[in-house]
Amino acid sequence: MPTGPSPTSPSSVDRTSWRRGHLRSLQSHGRRAANDGAAGGRSCWWRNNGGVARWVLHVDLDQFIAAVEVLRRPELSGRPVVVGGDGDPTKRGVVSTASYEARAHGVHSGLPLRTAARRCPEAVFLPVDRDLYEDVSSQVMAALRSLGAVVEVMGWDEAFLAVDGDPEEMAREIRERVRAATGLECTVGIGQNKLQAKLATGFGKPAGIFRLTGETWFEVLGDRPADALWGIGAKTAKRLKGLGIGTVRDLAAADPAALADAIGPTIGPWLVRLAQGRDDSPVSDAPYVPRSRGRETTFQRDLDDWDDVRREVARLARRVARDVTADGRQIARVVVKVRYAPFITQTHGRTLDAPTVDPERIEEAALDVLDAFAGRRPVRLLGVRAEFAR
DNA sequence: TCTGGGGTCCTAGGACCC
DNA sequence: TCTGGGGTCCTAGGACCC
């Protein structure tokens with residue numbers, strides 16, 4: 001997990017109905033652009049074509065989950081607050097969000113709760129309360145929509161807006177409206193596209209406004225490591241380093257064809273465009289249509305008995321079926337995930353003979369797929385995912 | 001101190017068909 | 001007897017993000 005000036009936002013537990021997989025959609029936008037808008041909603045390109053919005057704003061709530069918890073318990077203000085798991089730092093689980101006071105002790109998103117407790121014993125540990133965050137998030141998004149711009153929701157605590165006019169003035173207005181509606185602080189990144197806006201936000205934190213454009217791109221980012229970019233993680237950064245590409249500037253100057261060979265036909269060339277700050281995906285408020293729905297659990301104690309494993313898979317499958325039939329979507333494929341005790345993860349799946357909404361057939365398929373797992377070692381995690389017919 | 005849960009998309013290899 | 005390509009579909013794994 002990058003620390004320091006990395007512009008990634010604090011990670012948070014997510015909500016299923018929100019737009020995801022955004023990065024790869026930036027990659028494949030060229031191919032999918034024709035379909036955008038088919039689902040309804042408005043799209044705005046930030047380029048100045050015919051009076052369409054010229055600026056993209058990225059709004060990111062500051063330490064969202066921790067801030068929401070402090071909001072309902074003001075006595076926690078100024079104290080290190082760590083939200084994650086069920087709030088018991090002796091159990092298996094990771095940090096969803098740490099307040100800035102806790103981050104000063106080296107506690108960050110994704111850190112095991114036990115480690116967080118060692119680093120910051122005086123922290124207040126709280127359980128994740130999804131319903132609350134969803135409520136507050138809705139208030140935030142309503143406040144953003146009140147400005148009349150196209151709003152693309154990116155999770156509980158993030159959104160893009162396509163705007164015209166003075167972007168700094170708009171950013172100040174956004175910060176005021178969000179504060180008035182919820183009492184929360186946010187940071188606004190301004191860019192000529194979503195990529196620039198998203199990265200700008202990291203430099204404005206906390207509670208600030210930052211503008212990043214094609215003109216300032218290399219001045220701001222050129223000397224930073226490639227994983228400062230949105231979409232490049234530790235693994236890809238390491239691979240790039242092996243190719244002699246360390247910084248954003250290096251990557252921007254790399255040969256797309258060479259990277260296509262080395263990394264992959266789609267991702268290779270896309271990385272170069274990323275490093276150049278180029279992105280022509282639209283800001284869109286088209287309703288999000290999920291591709292899959294799943295449930296998974298990490299057990300507090302590993303499961304030794306395969307009968308228990310079968311029972312748990314059946315339970316997860318029924319939960320998924322319940323979730324899914326609520327939206328009336330047809331299931332085309334069922335995937336089971338098993339994480340064995342030393343954190344070795346395997347998945348197996350099956351495409352159904354015909355799409356179904358029948359909970360029994362989903363459970364049956366999941367148990368069927370479970371038989372494909374040969375190992376009988378202790379199990380740490382089980383998951384079931386249903387993929388929708390498209 | 002072991003490493004959550006919710007997702008998306010890409011890749012590579014094999015099967016199969018023409 | 002040996003040897004093609006191209007296309008599509010499926011599967012498991014991997015990388016990344018919130």
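The figures here come from the full heavy-atom set of this structure, side chains too, leaving out hydrogens, waters and symmetry mates. Lettering of chains follows the sequences in order, A, B, ..., and the numbering in each one begins at 1.
Between the side chains of A:T187 and A:D62, at least one donor N or O lies within less than 3.5 Å of an accepting N or O. In this structure, a donor-acceptor pair under 3.5 Å is absent between the side chains of A:T356 and A:D358. Side-chain contact, A:T213 with A:E215: no donor N or O sits under 3.5 Å from an acceptor N or O.
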Quiz prompt | 5'-to-3' dot-bracket of DNA chain C (Watson-Crick, G-U; under 3.5 angstrom; crossing pairs as [ ]; | other strand) | solution = ....||||||||||||||
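Between A:G268 and A:R92, the residue whose closest nucleotide on DNA chain B is further toward the 5' end is A:R92. Of the residues near DNA chain B, A:R118 and A:R380, the one whose nearest nucleotide (by heavy atom distance) lies more toward the 5' end is A:R118.
Side-chain N/O atoms of A:R291 include one lying less than 4.0 angstrom from OP1 or OP2 on B:dC9. For A:R130, no side-chain nitrogen or oxygen approaches OP1 or OP2 of B:dG5 to under 4.0 Å. An OP1 or OP2 oxygen of B:dG5 is reached within less than 4.0 angstrom by no side-chain nitrogen or oxygen of A:R385. Side-chain N/O atoms of A:R333 include one lying less than 4.0 angstrom from OP1 or OP2 on C:dT11. One finds no side-chain N or O of A:Y133 lying less than 4.0 angstrom from the OP1 or OP2 phosphate oxygen of C:dC18. An OP1 or OP2 oxygen of B:dT3 is reached within less than 4.0 angstrom by no side-chain nitrogen or oxygen of A:T298. An OP1 or OP2 oxygen of B:dT1 is reached within less than 4.0 angstrom by no side-chain nitrogen or oxygen of A:R119. Taking side-chain N and O atoms only, A:W230 has a distance below 4.0 Å to OP1 or OP2 of C:dC18.
Among pairs with a residue in residues 320-376 of chain A, those fulfilling ring pair (Phe, Tyr, Trp, His ring centres under 6.0 Å) read A:H348-A:F373, at least two apart in sequence or across chains.
Between A:R310 and A:D307, no side-chain nitrogen of the basic residue sits less than 4.0 Å from a carboxylate oxygen of the acidic one, so the salt-bridge criterion is not met. A salt bridge between A:E169 and A:R172 is absent, with no side-chain N of the basic residue lying under 4.0 Å from a carboxylate O of the acidic one. Using a cutoff of 4.0 Å between basic side-chain nitrogens and carboxylate oxygens, A:R293 and A:E387 are not scored as salt-bridged.
The interatomic distance linking A:I263 (CD1) with C:dG14 (P) rounds to 16 Å, in whole Å.
C:dC18 and B:dC2 have their P atoms separated by 29 Å, given to the nearest Å.
Of all the residues in residues 339-356 of chain A, A:Q346, A:T347, A:H348, A:G349, A:T351 reach under 4.0 Å from DNA chain C with at least one non-hydrogen atom.
Residue contacts for A:L381: at a heavy-atom cut-off of 4.0 Å it reaches the sugar-phosphate backbone alone, with no base atom in range. Residue A:A234 is in sugar-phosphate contact alone, with no base atom involved, counting any heavy-atom pair closer than 4.0 Å across all strands shown. Across all strands, A:G84 comes closer than 4.0 Å to no nucleic acid atom at all (heavy-atom distances).
Side-chain contact between A:L147 and A:R177: present, with at least one pair of heavy atoms (C-beta onward) separated by less than 4.5 Å.
Heavy atoms of other residues, nucleotides or ligands lying less than 6.0 angstrom from CD of A:Q139 number more than 12.
B:dC2: glycosidic angle within 90° of 0, hence syn.
The only member of A:T298, A:L303, A:D304, A:D302 that meets side-chain contact (heavy atoms from CB on, under 4.5 Å) when paired with A:V379 is A:L303.
Checked against B:dT11, B:dT8, B:dG7, the side chain of A:R293 finds its nearest nucleotide in B:dG7.
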